[in-house]
Each structure stands twice: as structure tokens, then as C-alpha cells.
Amino acid sequence: MDGNDDMGGLMMFAWLQRLFSGSAPEPVRFSAPESERSAPPEVTPQPAVACAPAGPDPAAVPGPAPVSFEQFDRVNRAWEGWLFARSGEDTGLEMTPTEARVLDALEGINTSQQSGVALVRRMPGLIPQLLQSLRSDGFSGAALSRTISSDVVLVAEVIRLANSCYIGTGTTITSVEHAVILIGQEGLRQLITSVAFRPIIDMHSGHYTRTLARRLWAHAERCAVANRVLAEQSGIEPFDAFLAGLVQSVGLIVALRIMDQVAKGEHDMGSELFCARLAGAARSLSCSIAREWDFPPAVIQALQEQGGPRKGAQMSALGRLAMLTDYLARLQALSRLGLLAGLDQSLLAGLPPAATHCYQLLAAAPEERAA
């Protein structure tokens with residue numbers, strides 16, 4: 001990566017940090033389950049209690065994982081089966097030669113000076129201008145509309161978001177200026193931030209990028225929004241939480257390009273052992289990309305803490321929040337698609353009080369768009 005790319009990453013983070021800066025909300029406790037627990041079949045997550053905690057800021061207090069290993073493993077297996085169209089049969093501990101080559105290639109990237117940032121879309125040139133305009137309380141909807149109209153990607157996203165507010169009403173928004181007024185300043189902040197980080201997804205690329213990248217990015221956006229809303233109630237920096245949700249899947253999206261390059265048209269990847277190792281390699285890539293973009297240490301730590309509950313391990317509050325939203329987003333998507341056989345209360349038992357609100361947020365979010 002050259003000096004301009006480094007500077008671009010630093011400037012991107014600085015713009016977005018200022019975008020979300022402001023007074024912190026009154027914190028509430030983000031409680032986590034006890035490290036050793038059994039999951040009774042009829043227990044459901046309790047409503048979150050919005051009250052100020054006694055004691056230290058919960059964002060600085062480590063705690064155990066918010067989900068049990070059994071819950072995480074069951075949902076994760078079903079999620080991987082959906083992504084890779086894997087049959088219900090146990091694929092065991094055998095990997096195909098193609099899978100082994102992909103992992104070797106990813107290990108080469110993770111152990112070299114190369115980071116993977118070069119495989120992620122850079123911030124469009126007009127994004128800084130838009131972010132600066134949005135920082136002003138007296139921003140001009142007409143001026144913003146003219147700026148947005150110069151980028152076809154932003155036009156499509158703004159119109160799509162505005163029309164999502166009118167689903168089922170028969171009303172259609174076609175004017176960018178009307179859409180800007182409808183979405184409002186805060187909605188535009190989230191939308192433009194997401195576009196700034198969105199990877200290029202070339203639908204003329206290989207099989208894995210073409211079929212999985214959009215699913216993964218839609219999942220990341222849903223997690224980012226849920227993270228930010230819940231962070232405001234949990235004493236966690238909302239900007240950090242939003243970034244953690246967005247970047248959590250970036251490493252895997254980058255890995256898809258490597259899979260396409262190695263596979264050369266073959267579609268024989270998706271064994272359980274491969275998926276487990278791929279997740280670890282992709283997480284390392286996400287951390288590397290976050291460091292290159294000079295993300296806050298709390299975000300990088302939260303990324304490192306993902307990958308499943310570990311007995312006795314303590315996690316940061318942001319790490320617990322990221323794991324909770326990722327788990328519930330997968331659970332909600334699988335349930336909606338009818339791909340998680342025997343959904344029962346054991347998958348919700350013992351979760352933190354914030355789980356109810358989180359699941360409701362995810363259920364209300366727009367569904368993943370088809371590739």
C-alpha cells in the first residue's frame with residue numbers, strides 16, 4: 001500500500017469520528033450471563049432495564065461471553081450451511097485440496113506485510129464533502145441533494161432507504177431531494193458512513209464473491225445499526241460499536257476473492273473444518289484492516305474477541321455487544337428463512353437483557369437484498 005492509501009485510511013477514520021462525536025448518553029448496565037450456566041428450555045430474554053448503574057462504567061468492565069458455546073455452535077453451523085449450501089450431513093474433519101490452498105493463501109497474507117486493505121473499496125472522493133455538510137445543524141437539503149446526485153451509488157441508496165419507509169403504502173419516492181428530507185440528517189450519517197466502508201462487490205467476479213458477498217455485507221450493516229442503538233443504552237461509545245459491526249465481516253468478504261482466485265470455477269468448499277479455519281483467518285484479516293485504517297483500540301480488541309465463547313475467558317463490553325448482535329442477527333435470518341430446524345427457547349435462554357431489544361431491531365431491519 002502506498003502513502004496515499006495510508007493517509008486516506010487515517011482521514012477516513014478522522015472524518016467519521018468527528019461525524020459521530022458528541023455528548024455520551026446516560027449509560028445503563030450491559031449485563032452478561034454467568035460464565036457457568038445451564039439453559040432451561042422455557043426461559044426467554046428479559047426486557048432491558050433503562051436505569052443508571054451503580055459502580056464503574058460498564059464499558060470498562062470485562063465479562064463472560066453473552067451466549068453459551070452450545071448456542072453459538074448450533075447457530076454457527078446452520079449459518080455456515082446456508083452460506084455454502086452445505087448438506088445436513090456432517091462433513092467431518094476432511095478438507096478438499098482447494099480448501100487447503102485457500103487457507104495457505106490467507107495465511108500468507110496474514111503473515112506478510114500485505115494487509116488486504118487493497119482489496120477493500122476506498123472512500124469515494126465526494127464522501128468527505130458530504131460528511132462535512134452533515135456535521136452542520138443547518139445543513140441544506142437542496143445542496144446535499146445536488147452533491148448526492150453526482151454519485152449513482154449514493155442516489156440508489158438514498159432512494160432505496162427513503163422508499164423503505166413507505167413499504168406497503170403504495171407511495172414511491174423518486175426525487176433525491178424528497179428522499180434527503182425524509183431520511184433526515186441522522187439517517188444520512190449512517191447511510192453515508194456505510195457507503196464509505198462498503199467493499200466493491202463485482203457481480204461479474206467468481207462464484208463465492210457473487211453469491212456470498214452481498215449476504216455478508218447486509219449482515220454487517222444490520223449488526224452495525226443494532227450495535228449503535230444498543231451502545232447508546234449500554235455506556236459504550238456508539239461510533240466504536242457501529243464500526244465494529246461494519247468491519248466484522250470485511251475480512252471474510254476479502255477472503256471470498258482469494259477463494260475465487262484459488263478455486264478457478266470449482267465449488268467444492270464449505271467443509272466444517274475449512275469453515276472453522278476460514279473464520280479465524282478472516283478475523284485476522286478484519287483486525288489487520290482495522291489497524292491499517294487506524295480504528296480505535298477498543299474496536300480491534302472487540303474483533304479479536306470474536307470467534308465463539310471460550311470457557312473462563314473475559315470479554316470487553318464492546319466485544320460482548322458485537323458477539324450478541326452477530327449471534328442474534330444470524331438467528332433471526334435463519335429463522336426467517338426456515339433454515340434452523342427446531343428453533344426453541346434454548347437458543348434464547350440466559351441471554352443478556354439487551355437481547356430482546358436487539359432481536360426486535362434486527363427483525364424490523366430490511367431483509368438482505370438478493371444478489
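If you read the sequence from its start, that first residue is 1, and numbering goes on from there. Note that the coordinates shown come from a computational prediction; the quantities given were computed from them, not determined experimentally. Side-chain atoms are counted along with the backbone in the values below, which use heavy atoms only and exclude waters and symmetry mates.
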Closest approach of [X] to [Y] (non-hydrogen atoms, all atoms of both residues):
{"X": "Ser286", "Y": "Gly251", "result": "OG-N, 2.9 Å"}
{"X": "Val262", "Y": "Ala105", "result": "CG2-CB, 4.5 Å"}
{"X": "Asp240", "Y": "Pro296", "result": "OD1-CG, 3.3 Å"}
{"X": "Phe84", "Y": "Leu212", "result": "CE2-CD1, 4.1 Å"}

Does any N or O in the side chain of [X] come within less than 3.5 Å of the main-chain N or O of [Y], such that one atom is a donor and the other an acceptor?
{"X": "Glu99", "Y": "Ser271", "result": "yes"}
{"X": "Thr325", "Y": "Leu321", "result": "yes"}
{"X": "Ser288", "Y": "Ser284", "result": "no"}
{"X": "Glu305", "Y": "Ser316", "result": "yes"}
{"X": "Arg74", "Y": "Leu347", "result": "no"}

(message) Using a 6.0 Å distance limit plus a 45 degree cone around the ring axis, check whether Arg77 lies over the aromatic ring of Trp82.
(response)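 No; the conditions do not both hold, so Arg77 does not lie above the ring face of Trp82.
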(request) Apply side-chain hydrogen bond (donor to acceptor under 3.5 Å, both in side chains) to Gln332 and list each qualifying residue two or more places apart in sequence or on a separate chain. (result)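 Partners of Gln332 under the side-chain hydrogen bond (donor to acceptor under 3.5 Å, both in side chains) test: Arg222, Arg336.
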(request) Side-chain contact test, heavy atoms from C-beta onward, threshold under 4.5 Å: evaluate it for Arg101 versus Gln261 and give yes or no. (result)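 They are not in contact (no side-chain heavy atoms under 4.5 Å apart), so the answer is no.
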(message) With ring pair (Phe, Tyr, Trp, His ring centres under 6.0 Å) as the rule and sequence neighbours excluded, what pairs involving residues 247-282 come up?
(response)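 Residue pairs with at least one partner in residues 247-282: His207-His267.
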(message) Show every salt bridge (Lys or Arg N to Asp or Glu O under 4.0 Å) that has at least one partner inside residues 325-335, sequence neighbours left out.
(response)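 Found Asp326-Arg330.
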